[in-house]
Number of protein chains: 2
Amino acid sequence: MHDPLPSLPGYSLRRAANATAAELSARLGEIGLRQVDASVLILIGENPDTTASALGRQLDIQRANMVPLLKKLEDAEWIDRNPLDGKSQGLVLTPQGQDTRDAALAIIETFENELLERIPPQHRAHLLPALDALWR
Amino acid sequence: MHDPLPSLPGYSLRRAANATAAELSARLGEIGLRQVDASVLILIGENPDTTASALGRQLDIQRANMVPLLKKLEDAEWIDRNPLDGKSQGLVLTPQGQDTRDAALAIIETFENELLERIPPQHRAHLLPALDALWR
DNA sequence: AGCGATTGTTATTGCTCATAGCAATCCTTA
DNA sequence: TAAGGATTGCTATGAGCAATAACAATCGCT
């Protein structure tokens, strides 16, 4: 079948993102995580006592949708909530949460390295700056 | 907030794809199309009398999910179905379908050019080959 | 002290995708 | 040529995800 779509960078961007996301999701799924879960665990680890709203802003996730997401992490005993004042609650990793984050980081780093290895060396260093220009 | 995620190509790939997809979707939405709809119209235009199954294989869409998709295009009178034999049906663009496809192509080409312009010139030519290596 | 902004939350909706199953038809091959 | 596996189009259904609206409680600026 004749298909002109793959010659379009925007289209290839979508296809590449879907394909790679499916792979990473499968691997993270083995430790009970989705990509968003891993992102949130990593961000909380880097920013102890950050709030749900701040996380949502950083990850472009609506406040309302953070609720079931954080509930899952809390039910798994990966995060704890500390009241910061009468309104906000700071989020921190539990010890098990740190372990899970470390496992996620290991999976992600392996995955990222494999991604880079797939790219012909002369293009490799250009991917990240090109992508950054598209969304940052 | 400290955020190590954007330094990961895989993460930036997902974010860039989401951001650009949202933009393109908004523009295509103005003529009543989603990205998939546009893709299908373009592919049918390039491959008259192709079948729903073949389209699904090319675009990685399940056969079952092609049904409502094609029904929408047919209800809009953008495509017609020709029985090829007792089982398969060839898909073709109606004249209005060709107009809609042309409009979609114009939007997409404008969009793709804008994407490329956002990328610093020294990285520009590397994006497509790098992406292709990730999913093809 | 007052008031707009923010936080966390509930509830709801639409959309997309995956799965399973089915009847009809095909195409290969024995 | 008859049989059997593969293919096609389709229905029905369910899970998952994101967007929206609304709300009470609280914060923080003026």
Side-chain angles (χ1 to χ4, degrees), chain A residues 1 14-15 17-26 28-29 32-40 43-44 47 49-76 79-92 135, chain B residues 1 14-15 17-26 28-29 32-40 43-44 47 49-76 79-92 135:
Chain A
M1 170 174 304
R14 189 157 59 106
R15 296 296 300 260
N18 284 348
T20 57
E23 276 189 65
L24 179 56
S25 291
L28 287 174
L33 292 180
R34 300 168 301 162
Q35 291 188 56
V36 203
D37 300 328
S39 304
V40 168
L43 275 190
I44 294 178
N47 305 272
D49 272 336
T50 190
T51 65
S53 290
L55 282 177
R57 276 190 296 271
Q58 189 67 22
L59 296 170
D60 282 317
I61 300 175
Q62 244 78 31
R63 243 181 15 256
N65 295 327
M66 293 296 298
V67 178
L69 198 167
L70 292 177
K71 181 175 185 332
K72 169 186 169 181
L73 301 184
E74 193 182 21
D75 287 349
I79 63 171
D80 266 338
R81 315 197 192 215
N82 299 325
L84 296 182
D85 53 31
K87 187 171 64 166
S88 302
Q89 36 187 260
L91 303 170
V92 291
W135 71 281
Chain B
M1 170 175 304
R14 188 157 60 105
R15 295 298 299 262
N18 284 346
T20 57
E23 277 189 64
L24 180 55
S25 291
L28 286 174
L33 292 181
R34 299 168 303 162
Q35 291 188 55
V36 203
D37 300 328
S39 303
V40 168
L43 274 191
I44 295 178
N47 304 273
D49 271 337
T50 189
T51 65
S53 290
L55 283 177
R57 276 189 295 272
Q58 189 67 24
L59 296 170
D60 281 317
I61 299 175
Q62 245 76 32
R63 244 169 343 155
N65 295 326
M66 292 296 298
V67 178
L69 199 166
L70 292 177
K71 181 176 184 333
K72 169 186 169 181
L73 301 184
E74 193 182 21
D75 288 348
I79 63 171
D80 265 338
R81 315 196 191 214
N82 299 326
L84 296 181
D85 52 32
K87 187 172 63 167
S88 303
Q89 34 187 262
L91 303 169
V92 292
W135 72 280

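Order of the sequence lines sets the chain letters (A, B, ...), proteins ahead of strands, with each chain counted from 1.
Atom P of nucleotide dA18(D) and atom NZ of K72(A) are separated by 12 Å, given to the nearest angstrom. As rounded to whole Å, 17 Å separates atom C1' of dT13(D) from atom CZ of R63(B). Spacing between atom CD of Q89(B) and atom C1' of dT25(C) amounts to 13 Å, rounded to whole angstrom units. Rounded to a whole Å, the CD atom of Q58(A) is 18 Å from the C1' atom of dT7(C). For L91(A) and dG8(C), the CG to C1' distance is 11 Å, given to the nearest whole Å. N18(B) places its CG atom 9 Å from the P atom of dA18(D), with the value rounded to the nearest Å. Note: CZ (R15(B)) to P (dA18(D)) measures 11 Å, nearest angstrom. Atom CG in D37(A) sits about 12 Å away from atom C1' in dC17(D), given to the nearest Å.
The shortest distance between the side-chain N/O atoms of R34(B) and the OP1/OP2 oxygens of dT16(C) is below 4.0 Å. For T51(A), no side-chain nitrogen or oxygen approaches OP1 or OP2 of dT7(C) to under 4.0 Å. For Q62(A), no side-chain nitrogen or oxygen approaches OP1 or OP2 of dA18(D) to under 4.0 Å. Residue R81(B) has a polar side-chain atom (N or O) positioned under 4.0 Å from OP1 or OP2 of dC10(D).
Proximity note for A52(A) (side chain, C-beta onward) versus dC17(C), dT8(D), dG8(C): the nearest is dG8(C). Taking every side-chain heavy atom of K87(A) into account, dC27(D) is the closest of dG8(C), dC27(D), dT11(D). When distances run from any side-chain atom of D85(B) to the nucleotides dC27(C), dT10(C), dG9(D), the shortest one goes to dC27(C).
Using modelled atom types, one side-chain atom of Q35(A) and one backbone atom of A21(A) make a donor-acceptor pair closer than 3.5 Å. Judged by distance alone, the side chain of T50(A) and the main-chain N or O of N47(A) form no donor-acceptor pair under 3.5 Å. Remark: the backbone N or O of S88(B) is paired with a side-chain donor or acceptor of D85(B) at under 3.5 angstrom.
Across the interface with DNA chain C, nearest-nucleotide mapping of A64(A) and S88(B) shows A64(A) to be the residue nearer the 5′ end. Each of G86(A) and R57(B) lies near DNA chain D, and the nucleotide nearest R57(B) is the one positioned closer to the 5' end.
Salt bridge D37(B)/R34(B): present, at least one basic N to carboxylate O contact under 4.0 Å.
Between P83(B) and Q89(B), the closest side-chain pair of non-hydrogen atoms is not below 4.5 Å.
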